[in-house]
Each structure stands twice: as C-alpha cells, then as structure tokens.
Amino acid sequence: MADKLKDPNTLGFLEAAVKISHTSPDIPAEVQMSVKEHIMRHTRLQRQTTEPASSTRHTSFKRHLPRQMHVSSVDYGNELPPAAEQPTSIGRIKPELYKQKSVDGDDAKSEAAKSCGKINFSLRYDYESETLIVRILKAFDLPAKDFCGSSDPYVKIYLLPDRKCKLQTRVHRKTLNPTFDENFHFPVPYEELADRKLHLSVFDFDRFSRHDMIGEVILDNLFEASDLSRETSIWKDIQYATSESVDLGEIMFSLCYLPTAGRLTLTVIKCRNLKAMDITGYSDPYVKVSLLCDGRRLKKKKTTIKKNTLNPVYNEAIIFDIPPENMDQVSLLISVMDYDRVGHNEIIGVCRVGISADGLGRDHWNEMLAYPRKPIAHWHSLVEVKKSFKEGNPRL
C-alpha cells in the first residue's frame with residue numbers, strides 16, 4: 001500500500017475520489033490520511049509571504065497605537081487560510097455567501113431620506129427694498145398624523161443662519177394637500193444671499209399636545225433654483241425629520257498627504273455662520289483636531305482663539321506624522337470650540353474625515369489619497385457631537 005501511494009497517478013486518483021465524497025465509507029482511513037498529508041505539504045510551499053518593512057521614522061506614532069495592533073505587520077488579507085481548513089471543490093461551503101451586512105446604518109439613512117410628500121414654493125428678490133420674497137404655495141401628499149387619517153399642517157420658514165426671524169403660515173384643518181398661497185419677506189442684502197439657506201419645516205398642529213413635525217426642506221444654494229430676478233416656482237420633496245435641524249455653521253479646511261514623508265497636513269482655513277454661544281451674540285472660536293485610531297485618541301492639536309466672531313479666519317496648518325501603511329486605520333475629528341475664560345469650553349460642532357467617515361468626510365479623505373502632495377479643500381457642515389465622539393474633559 002505504501003508503494004502505491006508514492007505513485008503520482010495513484011495519488012491523483014485518490015485525491016479525485018476524496019473530492020467526490022468526504023464521507024464515503026469505501027475509502028480506508030489510512031488512504032485519507034496519506035492524501036491529507038500530501039495536500040498539506042503542497043499548500044505549505046505556496047504560503048511563502050513577506051511582511052511589509054516598517055520605517056523607524058514613525059516610532060512615536062506606533063507607540064500610541066493600541067497594543068493589539070501590530071504596525072510592523074499590517075494584515076492586508078492576502079494570507080491563505082491553514083491547509084487543514086481548505087475544503088475540496090465539490091460540496092464546499094463558501095462563508096462569504098452567508099455574511100450579512102449590518103443594516104442598522106442603512107436603515108437609519110433610508111429613514112432619514114424618506115420622503116413625506118412635496119412642497120411647492122417660489123422665490124423672488126426685490127432689489128429696491130433689498131428683500132427676499134418667499135411664497136409658500138401648497139403641499140401635496142402629506143402623511144396622516146391624526147387618528148382620523150388626516151393632518152392639520154402649517155409651515156415655518158427661516159432664512160438661515162438667522163433663526164430669530166421665524167415666520168409661519170396659517171394652519172389648514174384636516175387636509176393632506178393644503179393650499180397656503182402666502183408671501184413672506186426677509187430683509188437681506190443681495191451680496192449675503194450666497195451664504196444664506198432657506199429652511200422650511202412642516203408641522204402638524206395639535207391643540208392639546210406638542211405639535212408633530214412632518215418633515216423639512218433645506219435649500220442650500222438659493223441661486224441654483226432661480227436667478228431670483230423673477231419669481232420661479234420650485235417643487236421639493238419633504239424629508240423625514242422628528243425635530244428641526246440646528247444650523248451650527250461650516251468649516252473649510254484642506255488635506256494634503258505626502259506618502260514618502262508619511263506626513264498629513266490639515267490646514268484650517270476659516271469658518272462661517274457659527275452658532276452664537278455667548279450672550280453677546282458671538283463666540284470665541286478655536287479649532288481642535290484629534291487623531292483617532294480604533295476609536296482611541298492618539299494626539300490632539302489646536303489653532304489660536306479668535307475673539308468675538310462667528311466667521312473666524314485662521315489659515316493655520318496642523319501636521320501629523322502617519323506611516324502610509326496606517327492611513328486606513330486612522331481618522332481625524334475636527335471640533336470647533338467656544339473658548340470660555342470661566343468654566344468649560346463648549347463644543348459648537350464637529351465633523352470627521354477618514355476611511356470610516358460618512359459622506360463628504362470619506363470622499364474628502366479618498367480625494368486626498370488619490371492626489372498625493374496636493375492640498376484638497378472643502379467646506380464641511382458642523383454637526384452636533386455624538387456620545388461616541390466625546391473625549392472627556394472639553395477643555396482639553
């Protein structure tokens with residue numbers, strides 16, 4: 001029997017027999033063991049891999065990494081599984097077919113993007129009085145909020161970032177297709193229109209309890225829909241929302257990565273329309289940038305403080321040394337803070353960039369990697385800080 005096993009033709013026949021059935025009682029156990037040893041020897045010869053060399057230049061970065069991460073041996077997923085776990089071609093189970101994607105995030109996004117009917121309005125700018133005229137025309141196919149299968153809708157109108165000037169339509173009883181046909185005037189200089197946003201919030205009136213929010217529409221660029229010189233009718237989908245969005249302002253910064261030097265440069269350019277945090281109606285903003293890895297903050301750096309302004313200009317560069325092999329493991333948390341001489345500094349808003357970030361934060365990061373050595377600048381909207389973003393003492 002041992003001599004027959006040395007014959008390659010015999011081995012090929014036995015190997016084919018094993019592929020036909022794993023559990024066939026016709027194949028002796030000693031034959032199965034011999035074939036298994038042959039496959040294991042053949043697999044070991046194919047499993048010679050090399051690990052990427054690690055530069056000694058970024059030892060300070062590696063020292064801050066979590067212990068379970070091995071920077072000198074980054075796993076790129078190219079290593080073959082052990083030979084004992086390799087199945088044969090027939091009857092093979094493919095684990096990738098049984099993997100289920102996490103749908104929690106997708107469900108939240110789809111719910112947030114859910115349409116709740118449409119709203120029709122028009123815009124026109126009166127150059128003589130320097131006034132933006134918003135005409136709320138009608139809404140269509142609103143969701144029912146009352147037990148009777150109807151709603152009592154009305155619309156609130158803001159011209160952001162100003163929330164002090166809040167205007168609203170009359171309430172229309174028991175209808176899902178209300179016709180408002182009301183005009184609203186917002187005094188604003190023409191040169192400021194490019195920085196303004198129109199915010200429409202649709203509510204269901206309730207006499208005895210809190211009014212239910214149906215949804216909202218935010219028009220970021222007023223000139224996209226019309227040149228404002230003549231009245232233009234606009235239809236927009238009403239997006240699902242449970243509370244009015246808070247406009248915290250925006251920040252512009254550029255990202256630039258030098259792979260040869262392993263250097264990431266974030267240049268904080270400026271902010272605009274920040275939320276007022278002081279009783280004076282202004283803030284004392286500065287920007288804090290935190291380098292995160294695996295949910296843990298490794299380093300933090302910050303800009304200077306700009307006093308009494310909602311539109312600070314910085315033009316300050318913040319540099320981090322990150323090896324190229326670790327760029328897919330890190331992200332940056334950008335926090336705009338309000339300095340307070342007495343008490344804790346308050347967070348105005350945050351944004352995040354990195355492979356694991358969402359939306360523009362991920363796109364900006366990928367664009368930076370696609371064009372090395374070139375600064376890439378974008379405006380980012382600030383959002384409220386989440387619990388997962390909080391970093392302990394806000395004065396840090």
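For the numbers below, each heavy atom of this structure counts, side chains included, while hydrogens, waters and symmetry mates do not. A quick note: this is a predicted structure, and the numbers were derived from the prediction, not measured.
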From CA spacing to verdict: side chain to side chain contact (heavy atoms under 4.5 Å, CB included), N273, L160:
CA-CA 9 Å; N273 300 330; L160 301 177; over 6 Å; no
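- The nearest pair of heavy atoms linking V336 to C271 is CG2-SG, 4.3 Å.
- Rounding to the nearest 0.5 Å places CD1 of I318 at 13.0 Å from NZ of K299.
- Nearest heavy atom pair, residue C116 against residue L142, reads O-CD2, 3.7 Å.
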May I have the step-by-step check of side chain to side chain contact (heavy atoms under 4.5 Å, CB included) for L167 and V134, ending in yes or no?
CA-CA 10 Å; L167 305 177; V134 180; over 6 Å; no
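- Considering all non-hydrogen atoms of both residues, D338 and D284 come closest at OD1-N, 2.7 Å.
- Note on ring orientation: taking the six-membered ring where Trp is involved, the planes of H380 and F253 are parallel (angle under 30°, cut-offs 30° and 60°).
- Few gaps surround CZ on R173; more than 12 heavy atoms of other groups in view lie less than 6.0 Å from it.
- Counting heavy atoms of neighbouring residues, nucleotides and ligands inside a 6.0 Å radius, atom CZ of F140 does not exceed 12 of them.
- Using modelled atom types and a 3.5 Å distance limit, the side chains of S122 and R135 yield no donor-acceptor pair.
- Annotation: cation-pi geometry not satisfied between K236 and F121 (NZ/CZ under 6.0 angstrom from ring centroid, within 45° of ring axis).
- Checked by atom type, the side-chain pair E182/T169 shows no donor-acceptor distance below 3.5 Å.
- Side-chain N or O atoms of N345 include one that pairs as donor or acceptor with a backbone N or O of D340 at under 3.5 Å.
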Go through the steps for Q239 and D237 under the test side chain to side chain contact (heavy atoms under 4.5 Å, CB included), then give the verdict.
CA-CA 6 Å; Q239 301 300 322; D237 289 330; 3.6 Å; yes
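- Annotation: the span from T303 atom OG1 to N315 atom CG amounts to 11.0 Å, rounded to 0.5 Å.
- Across V171 and F205, no two heavy atoms sit closer than the pair CG1-CB, 3.7 Å.
- Residues Y125 and Y127 place their aromatic rings such that the two centres sit under 6.0 Å apart.
- Between the side chain of T309 and the backbone N or O of N311 there is at least one donor-acceptor pair closer than 3.5 Å.
- Within 6.0 Å of atom CZ in F320, more than 12 heavy atoms from other residues, nucleotides or ligands are found, so the atom counts as buried in its surroundings.
- Closest heavy-atom contact between R352 and S331: NH2-OG, 3.0 Å.
- F184 and Q168 get closest at one heavy-atom pair: CE2-O, 3.4 Å.
- Listed for the S233 side chain is no donor-acceptor partner under 3.5 Å among the backbone atoms of N120.
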